[in-house]
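Below is one structure; the comments refer to it alone.
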Amino acid sequence: MADYHDDLRLAHVLADSADSVTMERFKALDLKVETKPDLTPVSDADKAAEELVRSVLQRARPRDAVMGEEYGLQGSGPRRWVIDPIDGTKNYVRGVPVWATLVALLEEQPDGEFAPVVGIVSAPALGRRWWAAKGLGAFAGRSLAKAQRIHVSKVSRLADASLSFSSLSGWEERARLDAFLDLTRICWRTRAYGDFWSYMMVAEGAVDIAAEPELSLWDMAAPCIVVQEAGGRFTGLDGIDGPTGADAVATNGILHEAALRSLSV
């Protein structure tokens, strides 16, 4: 098995770099916010954080490709770093502390697909960080030296499950709202914690199911490996494992097939 310790340490350095930018600009009165062609917001902090992470990677891993939400794909090869400088930009620009930098390393598999092997989710305004590497487990804490291993829950019935999501509008736009609402009625508890936080709480065992209908690779790559290494399962609504589609369902694994059946149209 490949050794990802060095890559994981680098991921922490990248997260530290991003955190220094994002925290400095969080709640800044002169924060500049633009609207992208897809009508989602982007701040000067998003762009600065991604630029800084890319510059560190250029020095530390010049042969690796880099894909980011703001500046696309640069380079090629069997290793690809995937960056979301601020997951939860709408929260960020409104002063809500639920946002994070997502960094993942993907490696090309024998079938030609890329799969995450290292992931880090850093939420500095919450004082939390989560990370994982293939075969090494998943952890949460403030640093590599101050961490505890995390595991998904053992809840085995939807009627006992806690479900987290981001919004209802995406489900409605994709003609899946009725199916999603049916799942919320079955589950014991439903809360819209949203974005990366839903998946990290699945990995911690505080939530049992998280689902979103509209995502990109940079939204999913890091949370995927954290959930998987915590013992859970991360797929698309089609049931294919990994961050391969445009949507996601993450569970403790035990509830996965039941959740997918409930969300099927």
Side-chain angles (χ1 to χ4, degrees), residues 2-26 42-89 92 98-108 114-147 195-197 199-200 203 216-229 243:
D3 185 347
Y4 296 107
H5 285 92
D6 286 345
D7 294 312
L8 186 56
R9 282 190 286 268
L10 175 58
H12 277 273
V13 171
L14 298 174
D16 290 342
S17 299
D19 288 354
S20 67
V21 172
T22 54
M23 284 302 291
E24 181 180 358
R25 300 296 291 152
F26 186 47
V42 59
S43 71
D44 57 52
D46 290 81
K47 294 179 178 180
E50 183 170 325
E51 288 170 351
L52 182 56
V53 170
R54 284 176 178 269
S55 69
V56 175
L57 281 170
Q58 181 59 40
R59 295 192 300 271
R61 296 287 191 277
R63 296 183 180 180
D64 293 350
V66 182
M67 173 186 283
E69 179 176 10
E70 307 308 332
Y71 296 107
L73 175 64
Q74 293 178 325
S76 60
R79 288 166 48 97
R80 179 179 298 172
W81 293 87
V82 177
I83 309 159
D84 188 346
I86 300 178
D87 182 58
T89 299
Y92 185 87
V98 183
W99 48 270
T101 294
L102 313 182
V103 177
L105 172 62
L106 279 63
E107 285 191 345
E108 189 172 11
F114 282 82
V117 293
V118 170
I120 188 164
V121 176
S122 185
L126 294 177
R128 298 297 307 279
R129 184 176 287 189
W130 302 261
W131 61 90
K134 186 175 180 181
L136 299 179
F139 297 84
R142 292 182 178 273
S143 67
L144 281 168
K146 297 179 180 179
D195 301 313
F196 72 94
W197 208 11
Y199 303 107
M200 295 305 95
S216 298
L217 177 61
W218 44 78
D219 300 310
M220 298 184 283
C224 175
I225 186 67
V226 175
V227 169
Q228 290 174 335
E229 286 295 315

- Task: Step by step, work out the side chain to side chain contact (heavy atoms under 4.5 Å, CB included) result for Ser55 and Arg59.
- Result: CA-CA 7 Å; Ser55 69; Arg59 295 192 300 271; 4.1 Å; yes

- Should Val66 and Ile83 be marked as a side chain to side chain contact (heavy atoms under 4.5 Å, CB included) after you check the CA-CA gap, both sets of side-chain angles, and the distance that decides it? CA-CA 8 Å; Val66 182; Ile83 309 159; 3.5 Å; yes

Between [Y] and [X], is there a side-chain heavy-atom distance shorter than 4.5 Å?
| X | Y | answer |
| --- | --- | --- |
| Phe114 | Met67 | no |
| Leu14 | Leu57 | yes |
| Pro124 | Trp99 | yes |
| Leu126 | Trp197 | yes |
| Glu69 | Pro85 | yes |
| Pro223 | Leu102 | yes |
| His12 | Arg129 | yes |
| Val42 | Ile86 | no |

Measure across [X] and [Y] and return the closest heavy-atom pair with its distance rounded to 0.1 Å.
| X | Y | answer |
| --- | --- | --- |
| Ser20 | Glu24 | O-CB, 3.4 Å |
| Arg128 | Ala140 | NH2-CB, 3.6 Å |
| Val226 | Ala132 | CA-CB, 3.7 Å |
| Arg54 | Gln74 | NH1-OE1, 2.7 Å |
| Ala45 | Val21 | O-CG1, 4.1 Å |
| Val82 | Trp218 | CG1-CA, 3.5 Å |

Please round to the nearest 0.5 Å and tell me the distance separating atom [atom1] of [X] and atom [atom2] of [Y].
| X | Y | atom1 | atom2 | result |
| --- | --- | --- | --- | --- |
| Arg25 | Asp44 | CZ | CG | 4.5 Å |
| Ile225 | Tyr4 | CD1 | OH | 8.5 Å |
| Asp19 | Phe26 | CG | CZ | 12.5 Å |
| His5 | Leu136 | NE2 | CG | 4.5 Å |
| Leu144 | Leu8 | CG | CG | 5.5 Å |
| Ile120 | Trp131 | CD1 | CH2 | 7.0 Å |

Set of residues satisfying side-chain hydrogen bond (donor to acceptor under 3.5 Å, both in side chains) with respect to [X], sequence neighbours excluded:
| X | value |
| --- | --- |
| Thr22 | none |
| Glu51 | Tyr71 |
| Ser17 | none |
| Asp46 | Ser43, Thr89 |

- Item | Derivation and outcome, side chain to side chain contact (heavy atoms under 4.5 Å, CB included), residues Asp87 and Asp219 | CA-CA 7 Å; Asp87 182 58; Asp219 300 310; 3.4 Å; yes

- Message: Can you list everything that forms a salt bridge (Lys or Arg N to Asp or Glu O under 4.0 Å) with Arg142? Sequence neighbours excluded, please.
- Response: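 None.
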
- Residues in salt bridge (Lys or Arg N to Asp or Glu O under 4.0 Å) with Arg61, at least two apart?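 Residues passing salt bridge (Lys or Arg N to Asp or Glu O under 4.0 Å) with Arg61: Asp7.
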
- Query: Could Asp6 and Arg9 be called an ion pair, given the rule that one side-chain N must be under 4.0 Å from one carboxylate O?
  - Reply: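 A salt bridge links Asp6 with Arg9.
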
